[in-house]
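A short write-up of the structure that comes next.
First the proteins, then the strands, lettered A, B, ... as listed; each starts at 1.
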Amino acid sequence: MAEKMHLKLTVNGKPVEALAEPRELLIHVLRERLEITGPHIGCETSHCGACTVDMDGRSVKSCTVLAAQAQGAQITTIEGIGTPDALHVLQEMFREHHGLQCGFCTPGMITRAWRLLQENPDPTEEEVRFGMSGNLCRCTGYQNIVKAILAAAAELNAAKEAAQ
Amino acid sequence: MNEMTPSREERTANLKGTGCARKRVEDARFTQGKGNYVDDVKLPGMLFGDFVRSPHAHARVTSIDPAAALALPGVVAVLTAKDLEPLNLHWMPTLAGDRQMVLADGKVLFQGQEVAFVVAEDRYIAADAVDLVEVEYEDLPVVVDPYKALEDDAPVLREDLEGQDEGAHGPRRHHNHIFRWEAGDREAAEAAIGGSEVVVSERIYYQRTHPCPLETCGCVASMDKVNGKLTVRGTFQAPHVVRTVASLLSGIDEHNIRVISPDIGGGFGNKVGVYPGYVCAIVASIVTGVPVKWVEDRMENLMATAFARDYWMDGTISATKDGRITGLKAHVIADHGAFDACADPTKFPAGFFHICTGSYDIPAAHVAVDGVYTNKAPGGVAYRCSFRVTEAAYMIERLIEILAAKLDMDAAELRRINFIKADQFPYQSALGWEYDSGDYHTAWEKALRAVGYEGLRAEQAQRIADFKAGKTRKLLGIGLTHFTEIVGAGPVKNCDILGMGMFDSCEIRIHPTGSAIARLGTISQGQGHATTFAQILASETGIPADQITIEEGDTDTAPYGLGTYGSRSTPVAGAATAMAGRKIRAKAQMIAAYLLEVHDDDLEWDVDRFAVKGATERFKTMAEIAYAAYNQAIPGIEPGLEAVSYYDPPNMTYPFGAYICVMEIDVDTGEHGIRQFYALDDCGTRINPMVIEGQVHGGLTEALAIAMGQEIAYDDIGNVKTGTLMDFFLPTAWETPNYTTDWTETPSPHHPIGAKGVGESPNVGGVPAFSNAVHDAFRAFGLTQSHMPHDHWRIWKIAHDLGLHG
Ligand code: FES
Ligand code: FES
């Protein structure tokens, strides 16, 4: 077994430390060592997106990032996107539009959509479908996920306008 | 009634009962990442198990040397068949009456088969150790083609069965034969077909595929040696059945086993079976005395657990010149892989394949199915399907299209002529089913109108003319389907799994302050039971759905049930829920009568209360009654307000639907685009329209996957060619179309609330709709049958073989 590395990163706004082997994947460090179990494992081969987290302002599949690559990074997972008392609009809209069934893809979906709406605050349906195509869902057929994301975009934009 | 009293409408709306598009109560935890799936379970001291798997499809195992693995720090144990043999666990019974190796016992029979189980301190060490176990193999001849498996000189795959002429389902006719199963009247069918003016026969293959839920299978087994209790948490679609099987296999008394299904990340049939991983994790926990987790990775999932379909169907259908169907017969070669591990009701080794007369009034029919062993993974599960109904629906809906072409008739018209008529229900099919209710003509006309069918055909004719004139390279396909399903297994008199009747159950406790908890024998894997079963109860008991907790999946607390698959939850457990609710109401009525000092019969039920007939200002609400049930001595009535119902359905339910897919096909690239997909479902009484629509979207997308790209493919020496999500097609948001959903509502006459179930309909009906669209695009050029999946290459090949590439 290789010597463990001392990892320091910021997860959901909080500085955290962990000891991990250099070969360990970010998803495993998050789930096993930091007990952040929102991001899931659906394939470990970068296809499904269940493990999606946000790293330094980009969506990444954390099954394809070595924890060592995340040294010093800012990580946001589903746990950091809303709180029970103040849900993010995306979380509300997924419920409102029935954008989930078994819920296994949902943390990755919402985390990806959260970044997508920052990259492109007013996307077309086509742009949402393309922007979400790295995240697989076996239950919903995507139609209501797309609806939820478009509805969230509209709400966020309306709120922004009202604030100005 | 004074102004403050809510109206009946307001009170009804407040219940959020049956018919309400109630938002889901499950969503809060899932959208916040607080679901609790099996891989989220972490117990003190927990170890990880991982499998050494066979790289060969058929080989003798001459030696297994775990020494190097055991020498690796952090490795706790390596189990092989030799270790399991003294416990008699090196083989296990399958749900289909066969037996299956838990770990390779002398030989391996498919690529990916479990050979040894490594137990280590974490998953990385376990994976390292898997590579260090040295296994010597001696190749044996491989059989992947079920027809070749039945040749006289085919290698014997199951040496353990040599000399056994009798299988679990009657005589075995060959050393690789599992069973023959028949339904209907062969002579009558042959006579009808022989005397007919038009006959078509076709071999229709429904390819091997896989349910592939986003979460793979896994469990955490935990043997508490102090108390003698075994707890197993896992991805179980049928937790009670797992408990009974675990008890029978391990010898641990059933009361000392607790099986828990936590949140399940999709099932689709993948999580019905009992897999070697569960057995090994349990044994490893018993051996080590600490909890052991096993979670398969995606490649293991696709290679080793639960394939679906793989049916070679030779169908023949006959008709008069003007299109009246006279007879149907089918012979199926069913490739079951190395062990018969289908999860069908015991008496039905080919599931409900004999629903293959579909929506049509066919006077004579016969089917025969031969199950065959090959060097492929075991399974044969009902992937979003009620036991081979998908195969049946695909065969009949293809045959209808082929017959229409032969008759030179419009396929919509051919269906219309042959539908079972509304006044024929209950309808006895030639293959032995009693269809409960239906109104096919109404659904069909509604669907054809909705898509503007005549206009589409005119457009298609124009397109063909343009194509022939060299003005376009795109063809238009109109895929029609009218399917009839059979779900809700099932009546105990003929449906059981391992001897356990396929009833289901619900137990309700009303709390003193008028809220409630109900527990069921089923388990949601995304269907939203916590939402919809509360709605059924709300309508039955007058307690708002928001005040009802639904709990499933813990065998220590839930009443015995057969679990969730085959769209059985609504027809069976949903019925149990309604019946238990009615028992609550019956007791509540007696309590209300006492409180109001009237006779029981003087009361009438009014949404959420019992009121005195003719004096409705005198009433007791369910909340008031519940309070009285716990706080007041009532002569002749026991305290408390609880009920339990075990529901044995008198019949199956028969949902149906009309689907139409409009597809553009590029003749030169083989690419396709779904221009429109219209889905009309009739699932009887609709409990939650939002959830139904979600089920239809999801099922149609799985159908799209199967029809247009998904398969588990093997090469000639039994290598799995589709072992990752790179090769195994799961559609993304990009290639999935939008769907239009619609409905008619024909309640089931025998279900307490008339509901039929819907989860699988869109997969059953969707696959033929997509596939028929492809075939229809090429019908004018002479295409009869081309096997799925219709990926770009295969569509290109159709065009090429028809000479359309010039
Ligand atoms: S688990 Fe990372 S993409 Fe599937
Ligand atoms: S909700 Fe089940 S995978 Fe998306």
Side-chain angles (χ1 to χ4, degrees), chain A residues 1 21 23-24 28 31-32 35-48 50 77-79 81-84 87-88 90-92 94-96 98-107 110-111 125-126 128-146, chain B residues 23-24 26-37 39-40 42 73-74 122-125 211-216 263-268 295 297-299 524-528 690-691 693-702 704 724-726 730-739:
Chain A
M1 206 185 307
E21 290 180 56
R23 63 175 178 171
E24 277 182 51
H28 293 137
R31 290 179 51 83
E32 307 282 337
E35 308 208 330
I36 295 197
T37 54
H40 296 138
I41 297 172
C43 68
E44 293 168 307
T45 52
S46 312
H47 293 104
C48 77
T77 69
I78 186 68
E79 285 90 342
I81 285 181
T83 65
L87 288 181
H88 190 273
L90 275 164
Q91 291 169 314
E92 278 169 11
F94 266 65
R95 175 165 193 264
E96 185 65 27
H98 192 27
L100 65 149
Q101 292 181 26
C102 79
F104 200 74
C105 70
T106 312
I110 292 180
T111 308
E125 178 185 336
E126 221 178 38
V128 170
R129 284 186 176 274
F130 190 75
M132 296 302 297
S133 62
N135 290 66
L136 295 174
C137 175
R138 294 289 291 139
C139 302
T140 64
Y142 305 105
Q143 193 161 331
N144 289 341
I145 290 178
V146 173
Chain B
K23 304 294 177 213
R24 301 198 331 160
E26 294 87 345
D27 293 356
R29 69 176 186 278
F30 294 146
T31 54
Q32 295 177 72
K34 297 296 179 201
N36 182 35
Y37 302 89
D39 203 14
D40 301 337
K42 201 173 182 182
D122 73 35
R123 62 180 82 205
Y124 283 76
I125 300 172
C212 197
L214 199 58
E215 176 202 37
T216 59
D263 288 324
I264 296 183
F268 315 123
V295 178
D297 68 25
R298 178 58 61 195
M299 194 179 263
S524 184
Q525 309 122 38
Q527 295 91 337
M690 178 191 82
V691 168
E693 190 192 63
Q695 290 286 315
V696 174
H697 289 170
L700 288 174
T701 304
E702 291 195 335
L704 169 77
T724 73
L725 297 186
M726 184 67 110
L730 299 182
T732 70
W734 183 246
E735 57 256 302
T736 304
N738 280 310
Y739 308 102

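Side-chain atoms of B:Y124 and A:H28 include a donor-acceptor pair closer than 3.5 Å.
Taking both residues in full, the closest heavy atoms of A:R129 and B:T736 are given as NH1-O, 3.0 Å, listed atom of the first, atom of the second, then distance. Here the closest heavy-atom approach between residue B:D40 and residue A:R31 is recorded as OD1-NH2, 2.8 Å. Nearest heavy-atom pair, A:S133 versus B:W734, reported as atom, atom and distance to 0.1 Å: CB-CB, 4.0 Å. Considering every non-hydrogen atom in both B:P731 and A:L136, the closest pair reads O-CD2, 3.7 Å. Of all heavy-atom pairs spanning B:Y37 and A:C102, the tightest one is OH-O, 2.7 Å. For A:Q91 against B:T31, the heavy-atom pair with the smallest separation is NE2-O, 2.9 Å.
Separating the CE atom in B:M726 from the SG atom in A:C43 is a distance of 10.5 Å, to the nearest 0.5 Å. A distance of 10.5 Å separates CG in B:D27 from CZ in A:F94, rounded to the nearest 0.5 Å.
Looking only at distances, no side-chain donor or acceptor of A:R138 sits under 3.5 Å from a matching main-chain atom of B:G265. Side chain of A:R95 to backbone of B:R24: a donor-acceptor contact under 3.5 angstrom is found.
Residue contact with chain A, scored on non-hydrogen atoms closer than 4.5 Å, is absent for B:E26. Neither the backbone nor the side chain of B:D263 comes within contact range of chain A; no heavy atom of the residue lies under 4.5 Å from a heavy atom of that chain. The contact between B:Y739 and chain A is made by backbone and side chain atoms together, counting heavy-atom distances below 4.5 Å. With a threshold of 4.5 angstrom between heavy atoms, B:T732 approaches chain A through its backbone and through its side chain. Interface remark: A:L87 contributes side-chain atoms only to the contact with chain B (heavy atom separation under 4.5 Å). Neither the backbone nor the side chain of A:T111 comes within contact range of chain B; no heavy atom of the residue lies under 4.5 Å from a heavy atom of that chain.
The shortest side-chain heavy-atom distance between A:N144 and B:E693 falls under the 4.5 Å cut-off. Contact check for B:H697 versus A:T140: no side-chain heavy atoms found under the 4.5 Å cut-off. Residues B:P213 and A:F104 form no side-chain contact, since every pair of their non-hydrogen atoms from C-beta on lies 4.5 Å or further apart.
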Going through the distances and angles, do A:E125 and B:N738 end up as a side-chain hydrogen bond (donor to acceptor under 3.5 Å, both in side chains)? CA-CA 11 Å; A:E125 178 185 336; B:N738 280 310; 2.8 Å; yes
Going through the checks in order, is the salt bridge (Lys or Arg N to Asp or Glu O under 4.0 Å) test met by B:R298 and A:E44? CA-CA 8 Å; B:R298 178 58 61 195; A:E44 293 168 307; over 6 Å; no
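In terms of heavy-atom pairs under 4.5 angstrom with chain B, the leader among A:C48, A:P107, A:P84 is A:P84. Chain A forms more heavy-atom pairs under 4.5 Å with one residue of B:L700, B:N36, B:V691, B:D297 than with any other, namely B:V691. When the candidates A:E126, A:E92, A:H88, A:M132 are compared by the number of heavy-atom contacts under 4.5 Å with chain B, A:E126 comes out ahead. In terms of heavy-atom pairs under 4.5 Å with chain A, the best-connected choice from B:Q695, B:Q32, B:E735 is B:Q32. Per-residue heavy-atom pair counts under 4.5 Å with chain A were compared for B:G699, B:A28, B:G74, B:C212, and the maximum is reached by B:C212. Contact count against chain B (heavy-atom pairs under 4.5 Å) is highest for A:H47 among A:H47, A:H40, A:E35, A:E24.
Ion pairing between B:R123 and A:E32 holds under the 4.0 Å rule for side-chain N and carboxylate O.
By the 6.0 Å contact criterion, NZ on B:K34 is open, its count of non-hydrogen atoms from other residues, nucleotides or ligands being 12 or less.
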